[in-house]
Novice: 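Following this message is one structure expressed as structure tokens.
Throughout, protein chains are lettered first and strands after them, A, B, ... in sequence-line order, and every chain is numbered starting at 1.
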Amino acid sequence: MGTVLKRWKFPAIMLGPFVILIFLFFFLPVILIAIIAFTNMDSAMNWTFNGLTNFHKLVTDPNIVQIIKNTVLYLGFTLLINVGFGLALGILTTYFVQKESVGLVFRTIWMLPRISPPVVYALLWLWFFDPSAYGVLNSLRALVHMSPVDWLTTHPMTAIILANGVIGASYGMIIFSSAIKSIPRDLFQAAMVDGASHWAIIRDIIVPAVRWPLMFVTLWQFLSLLTSYEYILLLTKGGPLFDSEVLALYSFHSAFKNFEFGYGAAVSLVLVIVALLFSFVMWKFFRMEKMLGSSKIE
Amino acid sequence: MEATGYQKLTIPTIHPVSKWKKRIPYLVAYGILGITTLPIILMYVWLLLSSFSKKMKFGFIPTSFTLENWSFLWSNVEHGGSELPSIWTATWNSFVFAGSLTILEVIIGIMAGYALARIEFTGRQTIMKMTLLLHAFPSVALLIAVFYILNFMGLFDSIWGVVLVKTALQIPMTAWIVKGFFDDVPWDVEWAGMIDGCSRFQVWYTIVIPLIKPGIAAISIFSFLSGWSEFLLLYTFTVSDNNVTLASYLQKLISDPNMINYGLLSAVSLFYMLPVLVFFIFTQKSLMQVSAGGGKRV
Amino acid sequence: MKIELRNLTKSFNNKSNTINNLNLTIEDGEFVALLGPSGCGKSTTMLMIAGIYKPNSGEVYFDGQIVNDLEPKDRNIGMVFQSYALYPHMTVLDNIAFPLKQQKVAKEERYEQAKQTAEMVQLGHLLDRKPGQLSGGQQQRVALARAIVKKPKVLLLDEPLSNLDARLKIEMREEISRIQRELGITTILVTHDQEEAMTMAHRIAVMKEGHLIQYSNPMELYNKPKNYFVAQFVGTPPMNFLRGTLSSVDKKSNVRINELIIDVTDTLLDSYAGEKSQDVNVGIRPHDLKLENDGDICIEGTVSLIESIGHSQMVNVKVGNEYIRCFVEPNIKLEYGSAIMLTANIEAIHLFDAATGESLKKHNVETFIYN
Amino acid sequence: MKIELRNLTKSFNNKSNTINNLNLTIEDGEFVALLGPSGCGKSTTMLMIAGIYKPNSGEVYFDGQIVNDLEPKDRNIGMVFQSYALYPHMTVLDNIAFPLKQQKVAKEERYEQAKQTAEMVQLGHLLDRKPGQLSGGQQQRVALARAIVKKPKVLLLDEPLSNLDARLKIEMREEISRIQRELGITTILVTHDQEEAMTMAHRIAVMKEGHLIQYSNPMELYNKPKNYFVAQFVGTPPMNFLRGTLSSVDKKSNVRINELIIDVTDTLLDSYAGEKSQDVNVGIRPHDLKLENDGDICIEGTVSLIESIGHSQMVNVKVGNEYIRCFVEPNIKLEYGSAIMLTANIEAIHLFDAATGESLKKHNVETFIYN
Amino acid sequence: TNGNESAASQAKEPEVVTIKAQTAGAEITRVDNLVAASEKLNKELQDQGENIEVKVETNSFSGSWDDYAKQFMLAFQAKKEPDIYATGHENIGWLADGHYILSLDDLKKSKEYKDVVPTLWKAAEYKNHIWGALQDTEARPVFYNKDILKKLGWSDEQINSLPEKVKQGEFTLEDMTNLAEEAKSKGAAQFGIVHRPVEGPDFQALAYDFGGKVYDASANKIVFDKKAVAKQLNYYYEIAQEQLIPDNLTSIQWDNIHKMVVNGQTLFYYGGIWNVFNWSQGNFHDQLGKVDAKWVNEHFGMMLIPAAEKGGKPLTLSHPFVYTVSAHTKHPDLVKRLLELVADPELQADHAIKTAHLPVTKSGEENPDFKADITLGNVAYMSDYTTFLPNSNGFPKYSKAVFSAIQAVELGKKKPEEALKDLEVQLKNDLGDQLQIIE
Ligand SMILES: Nc1ncnc2c1ncn2[C@@H]1O[C@H](COP(=O)(O)OP(=O)(O)OP(=O)(O)O)[C@@H](O)[C@H]1O
Ligand SMILES: Nc1ncnc2c1ncn2[C@@H]1O[C@H](COP(=O)(O)OP(=O)(O)OP(=O)(O)O)[C@@H](O)[C@H]1O
Ligand SMILES: [Mg+2]
Ligand SMILES: [Mg+2]
């Protein structure tokens, strides 16, 4: 008994607050949502169970195909920018830019989008894509005598992916650059002596050393993107029509525009199932359990 | 020379390299950074200019300088027919919220991250998987459910309730990131600490934590940022009007789409960004100086 | 503090045991050296004594008390890690003062003592540096200072001097010995420098693949190795071996090495009851070989390699198809390929069963009494 | 590859130079050992040759070409870092194969060679481990294997064997020497084991506080130390010193140590033009002292400490108020406090100016020709 | 003696009853008027000898209407909701269905609400009960640009009589379209017509104009009147095809809409009278920046939405604001009295003038200050031509779906027929048995 208590005391203290918080404000709500998905809760906030009606409604929704297509596009490309470019930024600003202060300047600039209030950030992009000849992109076109284009209507997904990508890239950048900073210097030195080119150092020293954050950011950003809609809402509101509506935004629209909490919960539940599948695949793909090494203090 | 097992050497010739050739990778790196960073710089320069000018020619070139948009700093400006609250109250409230969130999140996060990285106990993997999967739930979808929990606990309309909820929503991320950093701390210093008279807990905070400063820099900037810009939760879970934060101040500026004053909005946004910028640079400067190195790692 | 290890077993995976049923007793105030090939489990044993690793089975006793479940911090141990394990974020001074801080020694006093210890390891001028700014040897000395500063009851030194130059090493050795003696600290030293082990330790434990092979005082270890492994492991340069056959004729035993026949009864063997002849390894230490031809045993060979090491020459001599090493005065001129005659005293010969490796030599039953 | 360092200076802060105007030439295929006290700048020098640190001033030449701006990866160097610097996320095999991978050696071939090299350092059975699961000595051997696997033109070894046991160390030494010789690799070795330096290196460079003090072949270094620093630094155990006065009477010079007067003209000094008497340090290596009383010089003293190191006894003798060390056969029984008479050949005596430290002894002008 | 003492202390310090009132947006007179009313109430209470003092705590929510609704839902569950919740009348449906609010049938009979513009009560009625105290209403006129008409050669007289012609049904929707086309083709204006870029009530006005029905109050069902909706879609399709409206109108920012209108780039603008207020607050005019009501009146006229057919009835749509009373309130009687007092004509007029809205009672409209207001005085008559949105909780979904269809036809992504078909599917899906389809 005593030893059991002793063994569990430390992890219990360290994990206690974490587990309690998560249980109360994350785990329980998730259970509640799963229940709500089977009700027709609406603005009156009554829990009336209606079986699978919500799910039936979802599959017969005329726009669902378009929404799913958008979701896949959005996810794939934004994730690519977030992780790929984020890593590139992290490496560029910590490995190539050797002067710490210069690296910091670049990192700071890339942080700007993230620390801007989303409305303002969206505003900046709206200006960038402005349909008039004064928009940044259009004024570039004007230089070569091309007529202005209404980017947000003609290419809503591209705009959304770019805007989200830039924000997401800064997330990756911060985490990766911190991780790269933690690599002992003598490893770089050894690699240089071993004849490693810059590319080889990146591939064989930096990437393996940041593999945990890399994997984490990929997985986390994947899930975040799957469930995020804020910038879409601000840039295109899912429009024109359903041209840039994604599942998460749809869930939001159902729950908080139409006050169909039940239906909204059902949409999220579908999202979660998709997320579950993908995370499972990635968990295996990244061989995550291997990264939970055993303790060397016994 | 031709003896046992060793194949004949190709003798490499050393070319007197110009300094330029060596610098090519760096030049390319700077080039990529510069080109990709330029649009962002432009966007924010525009934001800055528009906060200081009455009007923008072509929406881009400032025509007349004015400080009018910044007058919210020394007086309570009027917007849309009603007086806005003092910016300083809002700043203070935001600061309290973001500060307490950061402290709570960093503390709980590094506790949990350490446990997940370094302590062996059954259920470690399960916890990691669970926290990840919870993230698959769109947090908006959870609002209703979280409301029920908060209401049950009597924490509805309390800023501390929101701090707890926000912490819970973010803590998995923090713990995950931090775990990666703990993984890279050599075991031997931890051993040394224990032998030098520390308990496991003391080792954790006197020795291990200073070694993951870059990781702490990363998570604290993210939690501060998210607290600073938190809007939805505060907006949803508090009703009293005495908790105006910068985010809700900003909301007042944009809530009526008919009455957006873009000059004022730019100025307020810049003001809004400033503290995070300062916090970012401060954490980067103080925490990114890594003290790794020395000794052989185990 | 008296330390006892009883039936200690430790394995890192389920396949094999890194430490295998280890029994070792270290008396209070004793200085013991651990010797053994790389990877034999010396560091692991130390870490178990320190309480970092928990044995899979077996017990560790401190002064007769079982301490398996005692936390490292409560064991009052000082340790130099093979990897130094300095705290990278602390200055040299803070590193050294750290154990005192944990003992809640007042700040001033703590830094005072840390400074003194730093002076002792000749680091007084580097107190403000971080470990990353030190040379290898300087780092190692910080580790040493940190281990001794709190005057622990038990001192575990895992190669504490490996990166120091010869002079400094001798000085540090003397410091360690002095502190150990003055404070009566029970000390365990892992070292690969046999001279270090010999001169510093009261007893030496020789390990191999997680087993304890021999545990005795330095001279006994040197002169009376228990088996072939110890004989070939202890002593630099290592003992020379020649293969031979032991057989008994008319109650008189002899060893035959090529043409050489050495009479061994009485002098070397208690009695040899073997009927059949038996393969043996005959060992002679290089220092026991003289370049004369008037000893008990004469060995003929040809010079195959001469290396000068300052105060003498190390010569490789080909005997039959085997090589043996010996030392020759630096002023004697030898030529490659020339014939050479080496002699040795019969007492200097060691005999080991070629199959089991056990020593066959008669040893007076002496028990080492530590005082 | 011939390596030249010209006027090399390096400092880590603006206060003092870690390396100070260093000039050193290493011929193609030569094996040079760097010797010097802890923190004198050996590792820093190595890292500058490797191209990791850039000198503040001065140049590094490879085969006559200035390479200051050549990237480390283009220098074709193999290096064992004092800290090993193993790649923690790669297995032993991958660590060793890494340099080959950079040379774009095909995968199969690469692993084949890495395995062979691993066998050579006796790690064949640990290929799948990560560095964190190895013992200290095993890690060091991985570092060694990684340095030699690509058969570089230049091999930089920063204490490559410090954590290996005596036997393994000898084996590894032989491997390194063999590869070095076979492939003609220009090699620089930092070691604190003087025997290692003596037996392995063609030339030894002795450094002190970032300066090169003496650079010559091992025997010359041993026998003809240029100054007091080298004399006391080289040789284990270190040379004994007694303080004396050198003076000249009737064109005949002599050294007076306490009551002992040693006649030194002709035999030791070219000529001593000094009018006034001068303080000198008189050095005699412990191995040059014999327990007889028929040598050129007789020194009387009392036994103050006896240490057994197996093949002989190390005895501290008190002479006047100073101590000297000597070796005595193990079978001679000495008693503490008893008087003892030591003798030495006059040739074995070294004389150093007490003020400048410069050697006063006459040295035949011999130039070392490396072959 | 004890009783006396306590009575005495009570006399000194009256019992304070706090009533919380909430509104959203910048028009804080909606709650400030309640404070003013509470002063009157306190006087009345004092006169009646009741030892109660009513204190009104006010709060103005900033954010979207959806969020405003959401907050009330949650606050109500937590019993932290305001006693008086001011909101758009269309919310009455869900508020009543969810038992959030009290029915206020008595109010209709009170003297303060006697002279309410009769049609307006419809807006506060749901399931045969009155659920809200009417607070204000507004007009959503069509603005026309006088300068452009002048360029087309219209005389001042013609220009100023246009609203009257519309009122009489002489100037139809088609005429309006043609006029817009003329202005555009002659280069007098860049665009003919501009409407709001985002979803909103205005679009339903067109359905009503085409004779459509959106809601069946007796069955409490949303009506999908296919014929009318087809016409509605067709209308938007045509004005888009003929390029009378800017390209991608539905993706233009509000401030640009204002700029277009104020700078005279468009002849017609489906707006709201509060826009006059907006234009006085923001720098929309290229040269002048902010423009006041007088300027607006000189350059713009306001008219009803013309009838679809000659002689038909023109209309407008309004969106009355109501005070609703939380079902949890502890002082229903006091709250009701407060709501009666807040209908005071002066308070109404004050609010109307400050925020460019219309009062709900005749006496309010008669208020001299109100009458004197150049903009409001001109449009007060519109209350008689007004229509409302249904009070059903299914309506937001309907509105959103119709807006999407309009967007689709305007962008030319769908023909009106296609859009209609898709709309039907969508509505069936969204509304289920809440929907009633009229072929
Ligand atoms: N990064 C650094 N910053 C400041 N000083 C340094 C740094 N690295 C080394 N030094 C100092 O430079 C001197 C030379 O260091 P170096 O590592 O070359 O010594 P070394 O000869 O290799 O010693 P050792 O035998 O102990 O390894 C030392 O005094 C050391 O403290
Ligand atoms: N964490 C680990 N996981 C698996 N095997 C390990 C681990 N640590 C050590 N070992 C193995 O256990 C054996 C004993 O290691 P230990 O470090 O005790 O050796 P050692 O005697 O100190 O050797 P050295 O003289 O080289 O330092 C080695 O073979 C090593 O490879
Ligand atoms: Mg070890
Ligand atoms: Mg070094």
Novice: Could you tell me which portion of A:L269 (side chain, backbone, both or neither) has an atom closer than 4.5 angstrom to a non-hydrogen atom of chain B?
Specialist: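 The side chain, not the backbone.
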
Novice: Is chain A contacted by the side chain of B:L246, its backbone, both, or neither, given a heavy-atom distance below 4.5 Å?
Specialist: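 Neither part.
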
Novice: For chain B, which of A:T93, A:V97, A:L28 has the most heavy-atom pairs under 4.5 Å?
Specialist: A:V97

Novice: So for A:V217, is it side chain, backbone, both, or neither that comes closer than 4.5 Å to the heavy atoms of chain B?
Specialist: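 Neither part.
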
Novice: Quick one: are B:I149 and A:F25 in side-chain contact, heavy atoms under 4.5 Å?
Specialist: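 Yes, side chains in contact.
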
Novice: If I measure from the heavy atoms of chain A, does B:S229 come under 4.5 Å with its side chain, its backbone, both, or neither?
Specialist: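 No part of B:S229 comes within 4.5 Å of chain A.
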
Novice: Should A:F280 and B:K129 be marked as a side-chain contact (heavy atoms from CB on, under 4.5 Å) after you check the CA-CA gap, both sets of side-chain angles, and the distance that decides it?
Specialist: CA-CA 9 Å; A:F280 179 75; B:K129 280 185 190 159; over 6 Å; no

Novice: Please flag which part of B:W204 lies under 4.5 Å from any non-hydrogen atom of chain A: side chain, backbone, both or neither.
Specialist: side chain

Novice: Quick one: are B:M130 and A:I22 in side-chain contact, heavy atoms under 4.5 Å?
Specialist: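 A side-chain contact under 4.5 Å is absent here.
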
Novice: Can you label the angle between the B:F201 ring and the A:F10 ring as parallel, tilted or perpendicular, going by 30° and 60°?
Specialist: perpendicular

Novice: Where on B:F231 is there a heavy atom nearer than 4.5 Å to chain A: the side chain, the backbone, both, or neither?
Specialist: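 Neither; nothing under 4.5 Å.
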
Novice: Below 4.5 Å from any heavy atom of chain B, which atoms of A:I91 appear? Answer side chain, backbone, both or neither.
Specialist: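 Contact with chain B is absent: no heavy atom of A:I91 under 4.5 Å.
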
Novice: Check the pair A:M111, B:I221 against side-chain contact (heavy atoms from CB on, under 4.5 Å), reporting the backbone distance first and the verdict last.
Specialist: CA-CA 10 Å; A:M111 269 308 276; B:I221 183 68; 4.0 Å; yes

Novice: Is there a side-chain contact (heavy atoms from CB on, under 4.5 Å) between A:W110 and B:T36 once you walk through the steps?
Specialist: CA-CA 10 Å; A:W110 275 94; B:T36 51; 3.8 Å; yes

Novice: Let me confirm one number: the CG-CZ distance from A:L24 to B:F152, rounded to the nearest 0.5 Å.
Specialist: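 Between A:L24 CG and B:F152 CZ, I get 10.0 Å after rounding to 0.5 Å.
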
Novice: Taking atom OH of B:Y26 as the centre, report whether more than 12 heavy atoms of other residues, nucleotides or ligands fall under 6.0 Å from it.
Specialist: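 Enclosed.
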
Novice: Once you round to the nearest 0.5 Å, how far does CZ of B:F182 lie from OG of A:S182?
Specialist: 11.5 Å

Novice: Is it the backbone or the side chain of B:T283 that comes under 4.5 Å from a heavy atom of chain A, or both, or neither?
Specialist: neither

Novice: Specify which of B:P39, B:G34, B:A29 makes the most heavy-atom pairs with chain A at under 4.5 Å.
Specialist: B:A29

Novice: Which bit of A:S279 is near chain B, if near means a heavy-atom gap under 4.5 Å: side chain, backbone, both or neither?
Specialist: side chain

Novice: What option among A:L219, A:V19, A:I36 has the most heavy-atom pairs under 4.5 Å with chain B?
Specialist: A:L219

Novice: Considering only heavy atoms and a distance below 4.5 Å, find which of B:A247, B:P172, B:A115, B:G113 pairs most often with chain A.
Specialist: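 Maximum pair count with chain A is reached by B:P172.
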
Novice: For the residue pair B:M43 and A:L124, what are the closest heavy atoms and their distance?
Specialist: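 Here B:M43 and A:L124 meet closest at O-CD2, 3.4 Å.
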
Novice: Heavy-atom pairs under 4.5 Å with chain B - which of A:F23, A:F252, A:Y229, A:F278 has more of them than the others?
Specialist: A:Y229

Novice: Side chains of B:Y44 and A:P113, heavy atoms from C-beta outward: is any pair under 4.5 Å?
Specialist: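 Contact flag for B:Y44/A:P113 side chains = yes.
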
Novice: Measure the spacing between NZ of A:K181 and CD of B:Q284 and express it to the nearest 0.5 Å.
Specialist: 9.0 Å

Novice: Any donor and acceptor pair, going by atom type alone, linking the side chain of B:W176 with main-chain N or O of A:W212 inside 3.5 Å?
Specialist: no

Novice: At a heavy-atom separation under 4.5 Å, does A:V166 approach chain B through its side chain, its backbone, both, or neither?
Specialist: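 It is the side chain, since no backbone atom gets that close.
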
Novice: Should B:F280 and A:I174 count as side-chain neighbours, where that means a heavy-atom distance under 4.5 Å?
Specialist: yes

Novice: Among A:G16, A:S116, A:P11, A:A179, which has the most heavy-atom pairs under 4.5 Å with chain B?
Specialist: A:S116

Novice: Report yes if the side chains of A:L15 and B:F121 come closer than 4.5 Å at any heavy-atom pair, otherwise no.
Specialist: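 A:L15 reaches B:F121 side chain to side chain.
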
Novice: Which atoms of A:F261 come close to chain B, meaning under 4.5 Å heavy atom to heavy atom: side chain ones, backbone ones, both, or neither?
Specialist: side chain

Novice: Working to the nearest 0.5 angstrom, can you tell me the gap between B:M173 CE and A:Q221 CD?
Specialist: 9.5 Å

Novice: Find out whether B:L33 and A:F96 are in side-chain contact, i.e. whether some heavy atom of one side chain is under 4.5 Å from a heavy atom of the other.
Specialist: no

Novice: Within a strict 4.5 Å, meaning less than it, do heavy atoms of the A:W220 and B:I177 side chains meet?
Specialist: no

Novice: Of all of A:W125, A:Y121, A:W199, A:Y95, which one pairs up most often with chain B through heavy atoms under 4.5 Å apart?
Specialist: A:W125

Novice: Considering only heavy atoms, which portion of A:A88 lies under 4.5 Å from any heavy atom of chain B: side chain, backbone, both, or neither?
Specialist: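 Neither part; nothing is under 4.5 Å.
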
Novice: Using a cut-off of under 4.5 Å on heavy-atom pairs, state which of B:I32, B:L104, B:T37, B:V28 scores highest against chain A.
Specialist: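 Top count of heavy-atom pairs under 4.5 Å with chain A: B:T37.
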
Novice: For B:L225, which atoms come within 4.5 Å of any heavy atom of chain A: side chain, backbone, both, or neither?
Specialist: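 Contact with chain A is through the side chain of B:L225 alone.
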
Novice: Taking side chain as everything from C-beta outward and backbone as N, CA, C, O, which of these in B:I107 sits under 4.5 Å from a heavy atom of chain A? Side chain, backbone, both or neither.
Specialist: neither

Novice: Tell me which of these, B:V276, B:L164, B:I127, has more heavy-atom pairs under 4.5 Å with chain A than the rest.
Specialist: B:L164

Novice: Quick one: closest heavy-atom pair of B:A218 and A:S178, and the distance?
Specialist: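 That closest heavy-atom pairing would be CB-OG, 3.5 Å.
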
Novice: If I measure from the heavy atoms of chain B, does A:F85 come under 4.5 Å with its side chain, its backbone, both, or neither?
Specialist: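 Interface part for A:F85: side chain.
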
Novice: Quick one: CZ on A:F18 to CD1 on B:I110, what's the gap to the nearest 0.5 Å?
Specialist: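 The CZ atom of A:F18 sits 13.5 Å away from the CD1 atom of B:I110.
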
Novice: Is B:A217 close to chain A through its backbone or its side chain, or both, or neither, when contacts mean heavy atoms under 4.5 Å?
Specialist: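 It is neither, since no heavy atom gets under 4.5 Å.
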
Novice: Could you look at B:I216 and say if it's the side chain, the backbone, both or neither that has a heavy atom under 4.5 Å from chain A?
Specialist: neither

Novice: So what's closer than 4.5 Å to chain B heavy atoms on A:A265: side chain, backbone, both or neither?
Specialist: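 Contact with chain B is absent: no heavy atom of A:A265 under 4.5 Å.
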
Novice: Among A:L112, A:V274, A:L104, A:L226, who wins on heavy-atom pairs under 4.5 Å with chain B?
Specialist: A:L112

Novice: Given heavy-atom pairs under 4.5 angstrom as the criterion, report whether the side chain, backbone, both or neither of A:S197 touches chain B.
Specialist: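 A:S197 has no heavy atom closer than 4.5 Å to chain B.
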
Novice: Looking at every heavy atom in both A:M14 and B:M111, which two are closest together, and how far apart are they?
Specialist: O-CB, 3.4 Å

Novice: Between A:S101 and B:K285, is there a side-chain heavy-atom distance shorter than 4.5 Å?
Specialist: no

Novice: Side chain from CB out, backbone as N, CA, C, O: work out which of these in A:S177 comes under 4.5 Å of a heavy atom of chain B, or both, or neither.
Specialist: both

Novice: Which atom pair, heavy atoms only, marks the closest approach of A:P29 to B:A145?
Specialist: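 So the two residues come closest at O-CB, 3.3 Å.
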
Novice: Only pairs of heavy atoms separated by less than 4.5 Å count here; which of B:I144, B:T167, B:V165 has the most with chain A?
Specialist: B:I144

